[in-house]
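The block underneath contains the structure these notes are about, expressed in structure tokens.
In the text below, chain A, chain B and the rest are named by the order of the sequence lines, each starting its count at 1.
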Amino acid sequence: MNAPNESQKRIAGTLEGFLVVDAGPGTGKTRTIVERFVNILEKGVSADRVLLLTFTRNAAEEMKERIKNALAEIYLSCGSERRRAVENASKVLQTGTFDSFCHTIVTEYPEAISRFFGIDGKLSRGAVLSENETLNREYFNDVADRFLFDRCGDYGDAEAVVSQHIGDAYTAINAMMSAGIFPLKKGWFGSESDPLTGDAEAVADKLRRNREMSNKKEYRLPKDVNQVFKDIGIERELPTDSPLPEDVITEAVEDDRTDLFRVFHDLYYHYIKRSVEDDRLTFSLTSLFAFVVLYSEKGIREGMSFDYLMIDEFQDTDSNQLRMALMLLDRPNLCVVGDWKQGIYGFRNAEIENMTEFHERVPGMISELNDDTERVRYRVAEEDIKKMHLDVNYRSSSEIIGCAYRSLTVRASSQEELDTERIRGLVGPDVYSDRDGAIGDRSHVRFVKADNVSEETEEVVRRILDYATGDGYGILCDDGTFRRPSFGDIAVLCRGTRACIEIYEAARGRVPVFMQGDMEIMSTREGKLLLAWLKYVNNRNDRWGLSAILSDTNLAPREVRSVMDGMRSDDRCVPEMIREQRDYLRRKRRRITELVTSVFSLYGIDNDISHAITSVVSSAHRNSLLTISDIIRMMESDISNGTRYRVESVPDGEAVIIQTIHKSKGLEYPIVMIPRVDSRVFPSTVSDRSAFLFDRDTGLRCTKELYRFGEGYAKIDRSWKTHLVKRTLKKEYDEERRLLFVALSRAKQYVTVSASDPSFFFKELSGGESVPSGLIHPGEAEVRKESPARAPDVGRLPPRRLNVGVHDILRFGDDEPGGEPRTPTAASADAMRFGTAVHECAERMVLGKEVEEEYPQIAVVRAVLDSLEDASEMIPEIECALPFNDLNVTLRGIIDLLVLYPDRVEIHDWKTDRTRDFEGEYMIQLSIYAHAASGHYGLPAVCCIDYVTLDEQHRFQPLPEEDIATRVRDYLEAL
DNA sequence: CACTTTCCGGTTTTT
DNA sequence: CCGGAAAGTG
């Protein structure tokens, strides 16, 4: 890369004070942060006094790498005296995610939290951070149910609404945590009055302003209220020829919410208390508790402090995090970097206002934090805060930048609004392109309108082919020349996962394509075919299974039906080939992993999804001796619950990537396609259905209200007051526009935006100028139309790559490879169950969790773990894969325990055997793991079989890979 | 043309 | 069950 530009230099050189850096897309943000970080160290500041916080692990890792590299360069160019300091600095770099930092604080000082809240119980050092939001909701639900039951009748009308909408209460409480609002045993933190009231004056003001802005002839707001009155059946009407009367504004804004606040206070406090007592943390609780520790304990706060702090992606912070940042500093040296235009995490309570209103928020926060005692030991006035700007875009052509900025621009309806936008740097790009000279005219932004969704999907595929194979496109290389685009240069960015999947499915088999993200793998063709075969193999009379199998062949629907009808008597009407396949598969019914891979190889299916399914099924099977019917049940429940699994990402660089816009943040591609910019889809019109509204200005409000009609008759219906207040929240720039901005600004040279039912985003952006679909005809030879699903043919279709379970190639005496497996006896089933139990305990122990079971084997495991104390990392139950490319086979298995040392990896495997009869086989097993791990980490591996029943260990060097290959060959022979 | 009624579709996700 | 947009109405 070339030398830093002026603004990058200025920012990297401004080391002291408070600094906000507005860094538009592609402006060299990471580089500037790295440079600034290094500059601070160069000044002689000790590396442990500088902290860099980010939001994702990836970003944290990348930063660390790049800082280390920069330091390494310095190292080479300086004298021996400085060398040691530089070397040392690179070891103690303080970079990490906000959440991991908070987690450290909380687990290190758990007693501070109980002390602060006045709770008897306390979090342990090993408190579990429950990442699964579904389970967290369930936990809250249980806690709240119980609580409301115990306090039945204490909270008047509010209680009814809360108990009917516990999930919504959880959401609202999480939003409060992010906003830094939380209950004390009595009252609320940091305020005499109720912090949930909001800013009544501000809301009233907005309602009045709204009145002025309304259409001269008719007044919108009174009409709106009348509509609600009508909907809920209240006989009341406001005059629509006059503005909203002041007394109505007052009535709406100053609605009495004391019961609602009381129930939330008590429930919120109770939830905190129970979580502490049950030793349960969520990400939100961790963040809140970290604040509490820093706030309440002077010693900890000072011990944790830094002289310099930098925060990346600052638009993703919430206010709790900002306040923590202020307390973490010993001196006023805070540099925040981000781009509010890329703030797309509002649904996670991130506030772009932390960035846009940084100047106003910070001084206020500091004085609040210093309310009773000095917690922030420096002063920052609004005018001390410097604002700098990265303004050169090194990524995109100016056509693309212009388009991206236009996507943000809203038709400002007043001069005042326009001015606000100008201040925010919105009217016209605040960034200019550096690429135009190099790119020249090899850039475009195109708009395509298709007649319907499937036609649009087709069009996307066509255009992918055109970009990758057609003439007239050139991708700029580092040396300034152009090359033909390849599939790997193209990204398809969608608003939602659904669209991603649909486009992925349509493109698969025709274009090399790769989808990133979790998928409902069991609902795919692969999943359903497998399910169908499992059912049919399990039971020859399974009608659903057979009909699904038949429907995937090229039999006409009529023929399928006649077969199904014939099924009522016997299965002679089933095509012979299918029956043969069933017999072939049935022989493998006890080797689930093999059965699964065989089903897929019948169809020649070997892709990300089939891999993911294979690994889910085989690990479920491995963990608890499942039968075919258990697997069937699991798959069926996954289908009906819409369970998503991570699909292993093997981007080979030459495949089109399909991902959501959210996932694309921070990435760049030469060619970007943005499909489905349709009405209701993008911008998404999913409305807030929550029973509670929580916002800085409006405070906490209930969207429902209990209406009483005379004699004891009452009903819960929407609250007209909250409805009115909600209208003040309508933001001019909503997240959807920023999402479009993110999508467009990923592109370096070419963009195609398409729609079948254009939304107003599409219309606005294209200016009504779009091209119909179907104009592009990529060479037919290139279009490998997926042949209509062929009937599976046994044997003739060699599997392209076979996934083989490690256990499949091991020989345990009575089990001939490829033959019928030994029949599980009651005794051997028991032994396996015991083995599984020991493995589970061992896993928990590695993770530092309590283990209740106490038998001799556990003590042995503990002794082994204790002997590994100087390891840099211990990973239990990790999946591994060892490819044999010449054999077209990948061996897959799960390592019981992988121990990482700086210079080697150690593979451990727990064995509950009473003899060492199978040692030879186990050595092969561990050797496979060792080669896989060794390849992954680039370190030599050592194997160790831990016989926990015998209390013996067998350490050895892995057997040569060739020995394993021989086994694999034998296995393939026998197939 | 302006307003009302009916209809439709239905997220994003790191730590 | 809600809000946006198409269809329906005067």
Can you give me the N/O atom pairs linking the protein to nucleotides 6-8 of chain C at distances under 3.5 Å, or say none if there are none?
none

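Across C/dA5, B/dT13, C/dC1, the shortest atom-to-atom separation from the side chain of A/Phe760 is found for C/dA5. Here the nucleotide nearest the side chain of A/Lys726, chosen from B/dT14, B/dT13, C/dG3, is C/dG3. Which of B/dT12, B/dT15, B/dT11 sits closest to the side chain of A/Asp99 comes down to B/dT15. Picking from C/dG4, B/dT15, C/dC2 the nucleotide with the shortest atom distance to the side chain of A/Arg689 gives C/dC2. In the set B/dT13, C/dG3, B/dG10, C/dG3 carries the atom at the smallest distance from any side-chain atom of A/Arg718.
Residue contacts shown for A/Thr286 are absent, as no nucleic acid heavy atom lies under 4.0 Å away. In this structure, A/Phe283 reaches the bases: a heavy-atom distance under 4.0 Å links it to at least one base atom across the strands shown.
When the ring-ring contact (aromatic ring centres under 6.0 Å, His included) test is applied to A/His662, the partners found at least two apart in sequence or on another chain are A/Tyr345, A/Phe347. Shown here are the ring-ring contact (aromatic ring centres under 6.0 Å, His included) partners of A/Phe694, two or more places apart in sequence or in another chain: there are none. Applying the ring-ring contact (aromatic ring centres under 6.0 Å, His included) test to A/Tyr504 and every residue at least two apart in sequence or in another chain returns nothing. Checked against side-chain contact (heavy atoms from CB on, under 4.5 Å), A/Asp168 has the following partners two or more places apart in sequence or in another chain: A/His165, A/Ser690, A/Ala691, A/Phe692.
A donor-acceptor contact under 3.5 angstrom links the side-chain atoms of A/Arg495 to the base of B/dT11. For A/Arg348 and B/dT14, a side-chain-to-base donor-acceptor distance below 3.5 Å is present, hydrogens and geometry of angles not being considered.
Aromatic ring centres of A/Phe98 and A/Phe55 lie closer together than 6.0 Å.
In this model, the phosphate group of B/dT12 is not approached by any side-chain N or O of A/Ser684 to a distance below 4.0 Å at OP1 or OP2.
The P atoms of B/dT12 and C/dC1 are separated by 23 Å, rounded to the nearest whole Å.
Every pair passing salt bridge (charged side-chain N to carboxylate O under 4.0 Å, His left out) that includes a residue from residues 50-63 of chain A is listed here, sequence neighbours excluded: A/Glu62-A/Arg66.
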